[in-house]
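First comes the structure, then the notes that go with it.
Reminder, nothing fancy here: chain letters follow the sequence lines and each chain counts from 1.
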Amino acid sequence: MTISPKTLYNLLVDNFGYQYWWPIDEYYHQKQKSDPRFEIIVGAILTQNTAWVNVEKALDNLKKHKVLSINAIVHINEEKLKIMIQSSGFFNQKTQRLKLFATYLHKKYQDDFQKFFSRDLTEIRHELLSLQGIGPETADSILLYAGNHPTFVVDVYTKRICKRVPFQVLSDSYDDIKYFFENELQHTILKKELVTVYKELHALLVKLAKNNCLKKKPECLSCPLTKLCEKSL
DNA sequence: CTCCCGTTCT
DNA sequence: AGAACAGGAG
């Protein structure tokens, strides 16, 4: 007995509702000065190995000081940047990573996100992965949430849930899990809906992991998957 | 496998 | 005060 990603998606939407992470359109309607795509990229780098609440504080600091743009990050003094993002932890490396990525976008794409994102998904992904400080999860988050490219994000929560819930996934490697979800969903979801489903499913898995599928003390009684889960207590 | 770091929970 | 949390590089 196994569960399909589509079944999982439907169950999670029914129980938790849509999560609406990074709704880009809303930002444009609010006529924000800074490009939401850059905020998403900065958020993706800052949230590496750290809780989102601490990233939000850093993001608020950057907004308050008007440095949430490629140009501002390229030119800001490193020590000042470290202080602004301090709450997100690992600020020495993250300062380097933000500087490096912003400089890259500035030099090679003239701060033009359209130019950067309007290419083949795999091409952009390889390019992101070649940058210091951008691994698979960060690359896929940027591609999906900032670039609206259909690529599925795998994180520790996804891996944990895959170990407990009976999916037909081969191993617990990043790529195996990613391609398992993508292959399954590509055949059952309309192409037009794929990006939205990838965005929502990742957010819903995070929700499930925090709400029920906790590392130490899972809340299996109230879990939407309790009947289908092999490890259910 | 260790280092990088702050915040929150226990 | 100590543990838990959470990606990528070397």
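- Proximity of a side-chain donor or acceptor of A:H202 to a complementary backbone N or O of A:Y198 within less than 3.5 Å is not detected.
- At least one donor-acceptor pair closer than 3.5 Å links the side chain of A:T103 to the backbone N or O of A:K99.
- The list of salt bridge (Lys or Arg N to Asp or Glu O under 4.0 Å) pairs with a residue in residues 182-203 of chain A, not counting sequence neighbours, reads A:K178-A:E182.
- Within the 4.0 angstrom heavy-atom criterion, no nucleotide atom of any strand lies near A:L129.
- Base contact: A:G89 has a heavy atom under 4.0 Å from a base atom.
- Cation-pi check for A:R97 over A:F101 is not met; the charged atom does not lie both under 6.0 angstrom from the ring centroid and within 45 degrees of its normal.
- Protein atom CD of A:E137 is 9 Å distant from nucleotide atom C1' of C:dA6, rounded to whole Å.
- Remark: A:K215 NZ is loosely packed, at most 12 non-hydrogen atoms of other residues, nucleotides or ligands lying under 6.0 Å away.
- Within residues 41-59 of chain A, the residues that place at least one heavy atom under 4.0 Å from DNA chain C are, in residue-number order, A:T47, A:Q48, A:N49, A:T50.
- Each of A:I41, A:L98, A:L105 was scored for a side-chain contact (heavy atoms from CB on, under 4.5 Å) with A:I70, with one residue passing: A:L105.
- Within 6.0 Å of OH on A:Y109 lie more than 12 heavy atoms contributed by other residues, nucleotides or ligands.
- Whole-Å rounding puts the A:Q96 CD to C:dA9 P distance at 14 Å.
- Tested against A:I124 for a side-chain contact (heavy atoms from CB on, under 4.5 Å), the candidates A:D120, A:L128, A:T122, A:L121 yield a single pass: A:L128.
- Listed for the A:K94 side chain is a donor-acceptor partner under 3.5 Å among the backbone atoms of A:L46.
- Sorted by residue number, the members of residues 139-165 of chain A with any non-hydrogen atom under 4.0 Å from DNA chain C read A:V156, A:Y157.
- Across the protein-nucleic acid pair, A:H202 atom NE2 and C:dG7 atom C1' stand 12 Å apart, rounded to whole Å.
- Taking atom C1' on both C:dG8 and B:dT8, the two are 23 Å apart, rounded to the nearest angstrom.
- On the C1' atoms, C:dA9 is 23 Å away from B:dT7, given to the nearest whole Å.
- First and last contacting nucleotides of DNA chain B toward chain A (any atom under 4.0 angstrom from a heavy atom, 5' to 3' order): B:dC4 to B:dT8.
- If you check the side chains of A:S87 and A:N54, you find no donor sitting under 3.5 Å from an acceptor.
- Of the residues in residues 208-223 of chain A, those placing a heavy atom less than 4.0 Å from an atom of DNA chain C are A:K215, A:K216, in numerical order.
- In this structure, a donor-acceptor pair under 3.5 Å is present between the side chains of A:D140 and A:Y174.
- Side-chain contact, A:N10 with A:T7: no donor N or O sits under 3.5 Å from an acceptor N or O.
- Among residues two or more places apart in sequence or in another chain, the side chain to side chain contact (heavy atoms under 4.5 Å, CB included) test is passed with A:K210 by A:Y157, A:V206.
- In this entry the distance linking CZ of A:F90 with C1' of C:dG7 reads 8 Å, nearest Å.
- Of the C1' atoms belonging to B:dG6 and C:dG10, the separation is 23 Å, rounded to the nearest Å.
- Between A:S34 and A:E39, the side chains place no donor N or O within less than 3.5 Å of an acceptor N or O (distance only, hydrogens not considered).
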